[in-house]
Amino acid sequence: MLRVRFAPSPTGYLHIGSARTFIFNWLYARRNGGTMILRLDDTDVERNTQASVDSIYDGLNWLDLSWDEFYRQSDRLDLHRAAAATILEKGLAYRDFTPAAGPDAEEKAHDGMAWRANPGQREMSKEESDARAAAGEPFVIRYRVPRDTGRVVSFKDSVYGDQSKSCDDIEDFALLRSSGMPTYHLASCADDADLRISNIIRGQDHLTNTFKHVLIFEALGAAIPQFAHLPLLIAPDGAKLSKRKHGPVVSVTTYRDAGFLPHSYVNFLCLLGWSPKDNREQMTRQEIIDIFSFEGINRSNAVVNFTEEDPIDPKALWLNGQHLRSLPVAEIMPAVTKVLETAGYTIPTDAAHFTSVVDLIRARYTTLLDFAGKGRPYFSDEFTIEPAAMEKLDVPGARALLAELGERLAADAEFTEASVEAHLRALATERGVKAGVLINGSRAALTGQAVGPSAFHLFTAVGRERAIARLKAVA
RNA sequence: GGCGCCAUCGUCUAAGGGUUAGGACGGAGCCCUCUCAAGGCUCUAAUAGGGGUUCGAAUCCCCUUGGCGCUACCA
């Protein structure tokens with residue numbers, strides 16, 4: 001039975017790297033008929049926040065990602081403590097009564113030898129250890145990593161291949177804190193074992209932690225899951241993406257607020273560190289599910305391309321534009337409607353007409369926000385005339401001609417692309433002006449913009465009454 | 001410092017012993033055209049460096065360099 005999990009610690013907003021980890025887990029589960037589990041790894045009581053939990057839900061919901069089972073580590077502390085007790089009883093761990101090292105702990109690692117264990121703790125007799133614990137002295141439980149035995153821990157990673165590390169290079173890591181709370185390593189492994197996780201798919205920052213985890217699984221007598229580590233997402237400066245240093249680019253909500261289609265953004269994230277290997281880039285969710293495998297995952301970190309001026313990866317923008325214009329138009333209507341509603345527009349009551357307008361303008365837009373911005377004249381009468389459009393209107397005689405065109409259209413019951421074109425061209429011929437003057441002028445009058453769709457399409461998109469009124473208004 | 005991982009155009013990537021090292025984004029240009037997009041076409045730009053192995057290396061091995069990760073009672 002294939003079971004995967006996404007286990008974020010709720011200490012901040014949903015990070016795009018985390019979202020991508022969720023996605024790869026989810027793809028693997030959906031591809032292979034497995035179970036997707038969401039588990040909140042909230043053992044760091046100090047740093048957990050409800051706002052962060054909400055942000056994780058918000059982000060995943062927006063991305064249209066789902067899970068089948070849900071757990072929270074804080075509900076499972078008994079399990080973790082029992083696991084620590086089991087390992088301690090087996091003699092594979094010991095109590096360490098040394099006070100917490102604090103922030104300057106790093107120094108001891110730099111003055112030559114790497115830290116492996118605190119002196120005198122590992123060797124303490126069971127009697128002394130039990131007595132001091134019974135006396136209420138605080139302690140941390142550490143794993144007793146085999147020393148000088150030549151023991152090598154190894155596992156095969158689905159992405160990085162065979163991995164091995166000598167136990168002599170692994171320090172006696174903590175399992176249970178003096179507060180009685182489990183550490184990440186213990187809680188994670190105890191839960192993975194209990195939840196029968198078959199595949200652990202997570203960031204490469206955990207690659208070297210995996211040796212410790214293998215040791216814990218063994219101590220617990222649990223089956224060792226199959227591991228797959230993912231290359232990290234990094235900033236153009238090579239550093240790990242962080243909110244503090246890189247700002248909103250790291251947060252999933254930024255892309256939602258910037259008008260991305262969720263499926264497009266997932267598509268983009270998938271392309272960072274994974275490739276279908278057939279040059280495809282724009283893919284539907286189903287296409288990605290159908291082709292996803294660890295074979296396509298890269299081993300080197302991927303740079304999210306952005307600058308301070310342009311906080312969004314240009315390729316993400318391009319891909320969003322591709323989805324926006326090539327999806328069946330009906331599929332984007334709910335998102336467009338929502339954006340317009342949020343921006344305070346009145347949604348057109350004629351659904352068919354509304355859809356045709358969206359279809360007309362979407363090819364030149366890249367995000368949903370464009371419908372509320374550049375799309376304003378199509379959905380509202382309150383729009384300004386841009387300078388470039390003003391130039392088209394200020395062509396000598398243009399305004400009067402446009403107003404006259406408006407009158408002629410008003411006098412004709414027929415109002416189609418063809419009938420409008422006929423009137424416009426006839427008027428231009430009669431007055432000896434180039435049709436272009438009226439064509440470009442019409443676009444300017446109808447939308448306040450010098451650029452946009454074919455002028456004749458514009459008339460029907462704006463609608464008869466509005467078009468006539470706007471033509472007369474420029475006179 | 002120790003240990004581990006990684007290294008192809010500016011960015012995302014393909015090629016995994018034999019290719020003019022391919023595609024995409026970005027940038028430049030041309031075509032299309034009532035404008036702007038879209039679309040089509042062209043150009044731009046890469047195997048980190050050095051040694052091996054081999055008839056032949058981006059690809060396998062070693063060294064160097066660089067980057068990243070772990071080295072906490074954070075995850």
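Every chain is numbered from 1 and lettered A, B, ... according to where its sequence line falls, protein lines coming before strand lines. Note that the structure is a prediction, hence the values are computed from the model and not measured.
No donor-acceptor contact under 3.5 Å links the side chain of A:Lys277 to the base of B:rA14. No donor-acceptor contact under 3.5 Å links the side chain of A:Asn209 to the base of B:rG69. In this model, a side-chain donor or acceptor of A:Ser178 finds a partner on the base of B:rC73 within 3.5 Å. Applying the 3.5 Å distance criterion, the base of B:rC36 shares a donor-acceptor pair with the side chain of A:Arg364. No hydrogens or angles were tested; on distance alone, a donor-acceptor pair under 3.5 Å links the side chain of A:Arg443 to the base of B:rC34.
Looking only at atom types and distance, the side chain of A:Ser129 has a donor-acceptor partner in the side chain of A:Arg95 under 3.5 Å away. In summary, the side chains of A:Asp237 and A:His246 do present a donor paired with an acceptor at a separation below 3.5 Å, with no hydrogens or angles considered. In this model, a donor atom of one side chain and an acceptor atom of the other lie less than 3.5 Å apart for A:Asn320 and A:Ser264.
Of the charged side-chain nitrogens involved, at least one lies within less than 4.0 Å of a carboxylate oxygen, so that A:Arg5 and A:Asp192 count as a salt-bridged pair. Residues A:Arg431 and A:Glu404 are paired through a salt bridge, judged by an N-O separation under 4.0 Å between the basic side chain and the carboxylate. Classification of A:Glu281 and A:Lys315 as a salt-bridged pair holds, one side-chain N sitting under 4.0 Å from a carboxylate O.
Of all nucleotides present, none satisfies the Watson-Crick or G-U wobble test against B:rA46 with each distance under 3.5 Å. Under the Watson-Crick and G-U wobble criteria, each requiring two contacts below 3.5 Å, nucleotide B:rC32 is left unpaired. Under the Watson-Crick or G-U wobble criterion, with both distances below 3.5 Å, B:rA72 has no partner in any strand shown. The base-pairing partner of B:rU11, taking Watson-Crick or G-U wobble contacts with both distances under 3.5 Å, is B:rA24. When both distances must be under 3.5 Å, the Watson-Crick or G-U wobble mate of B:rC55 is B:rG18.
Distances from the side chain of A:Ser9 to the nucleotides B:rG4, B:rC34, B:rA75 place B:rA75 closest. Closest to the side chain of A:Asn279, out of B:rC36, B:rC6, B:rG22, is B:rG22. For A:Asn305, whose side chain is taken as the heavy atoms from C-beta onward, the closest listed nucleotide among B:rG23, B:rG4, B:rU11 is B:rU11. Side chain of A:Pro314, nearest nucleotide from B:rC74, B:rC6, B:rC25: B:rC25. For A:Arg177, whose side chain is taken as the heavy atoms from C-beta onward, the closest listed nucleotide among B:rU71, B:rG1, B:rC74 is B:rC74. Listed candidates were B:rA14, B:rA24, B:rG4. Nearest to the side chain of A:Thr208 is B:rG4. Of all nucleotides listed (B:rA75, B:rG4, B:rG39), B:rA75 comes nearest to the side chain of A:Asp41. Closest to the A:Asp44 side chain, of the nucleotides B:rA14, B:rG2, B:rA75, is B:rA75. Comparing B:rG69, B:rA14, B:rC5 against the side chain of A:Tyr160 picks out B:rC5 as the nearest. Nearest to the side-chain atoms of A:Ala363 among the listed nucleotides B:rC3, B:rC70, B:rA38 stands B:rA38.
Looking at heavy-atom distances under 4.0 Å, A:Phe456 makes contact with a base. Contacts of A:Arg142 with the nucleic acid, taken as non-hydrogen atoms under 4.0 Å apart, involve only primed sugar atoms and P, OP1 or OP2. Within the nucleic acid shown, A:Glu46 has no heavy atom closer than 4.0 Å to any nucleic acid atom. Residue A:Thr11 is classed as having no contact, given no heavy-atom separation below 4.0 Å to the nucleic acid. A:Thr366 comes within 4.0 angstrom of nothing in the nucleic acid, heavy atoms only. Contact annotation for A:Gly436: no contact, since no heavy-atom pair falls under 4.0 Å across all strands. Contact annotation for A:Ala174: backbone-only contact, meaning every heavy-atom pair under 4.0 Å involves sugar-phosphate atoms and none involves a base. When heavy atoms are screened at a 4.0 angstrom cut-off, A:His229 is found touching no nucleic acid atom at all. Residue A:Gly273 is in sugar-phosphate contact alone, with no base atom involved, counting any heavy-atom pair closer than 4.0 Å across all strands shown. Among the atoms of the strands shown, none is found under 4.0 Å from any heavy atom of A:Lys434. Residue A:Pro453 is classed as a base contact, given a heavy-atom separation below 4.0 Å to a base. Counting non-hydrogen atoms under 4.0 angstrom, A:Gln282 reaches nothing in the nucleic acid. Residue contacts for A:Ala302: at a heavy-atom cut-off of 4.0 Å it reaches the sugar-phosphate backbone alone, with no base atom in range.
On the C1' atoms, B:rC55 is 26 Å away from B:rG22, given to the nearest whole Å. For B:rA46 and B:rU11, the C1' atoms lie 12 Å apart once the distance is rounded to whole Å. Here, B:rC60 and B:rU54 have their C1' atoms 10 Å apart, quoted to the whole Å. When the P atom is used for both B:rC63 and B:rA24, the distance is 39 Å, rounded to whole Å. Using C1' as the reference atom, B:rU42 and B:rC36 are 22 Å apart when rounded to the nearest Å. Comparing the same atom, C1', in B:rU71 and in B:rA28 gives a spacing of 49 Å after rounding to whole Å. For the C1' atoms, the distance from B:rA21 to B:rA57 is 13 Å, rounded to whole Å. Taking atom P on both nucleotides, B:rC62 is separated from B:rC6 by 12 Å, rounded to a whole Å.
Look at NZ on A:Lys212: it is 11 Å from C1' on B:rC3, rounded to the nearest Å. Following rounding to the nearest Å, A:Arg116 (CZ) and B:rC3 (P) show an atom-to-atom distance of 9 Å. Atoms NZ (A:Lys315) and C1' (B:rG10) sit 13 Å apart, rounded to a whole Å. Between the CG atom of A:Asp313 and the P atom of B:rC25 there is a distance of 13 Å, rounded to whole Å. Rounded to an integer number of Å, the gap from CG of A:Leu233 to P of B:rU11 is 15 Å.
Residue A:Gln163 has no polar side-chain atom (N or O) positioned under 4.0 Å from OP1 or OP2 of B:rC3.
Residue-to-nucleotide proximity on RNA chain B shows that, of A:Ala316 and A:Asp96, the 5′-proximal contact is made by A:Ala316. Nearest-nucleotide positions on RNA chain B place A:Glu281 closer to the 5' end than the other of A:Glu281 and A:Ile439.
Aromatic ring orientation, A:Tyr143 versus A:Phe173: parallel (interplanar angle below 30°, classes split at 30° and 60°).
For A:Arg76, the CZ atom counts as densely surrounded, since its 6.0 Å shell holds more than 12 non-hydrogen atoms of other residues, nucleotides or ligands.
Annotation: side chain of A:Asn118 is not in contact with side chain of A:Phe97 (no heavy-atom distance under 4.5 Å).
The one candidate from A:Glu287, A:His323, A:Arg285 that meets the side chain to side chain donor-acceptor pair (under 3.5 Å) condition with A:Asn267 is A:His323.
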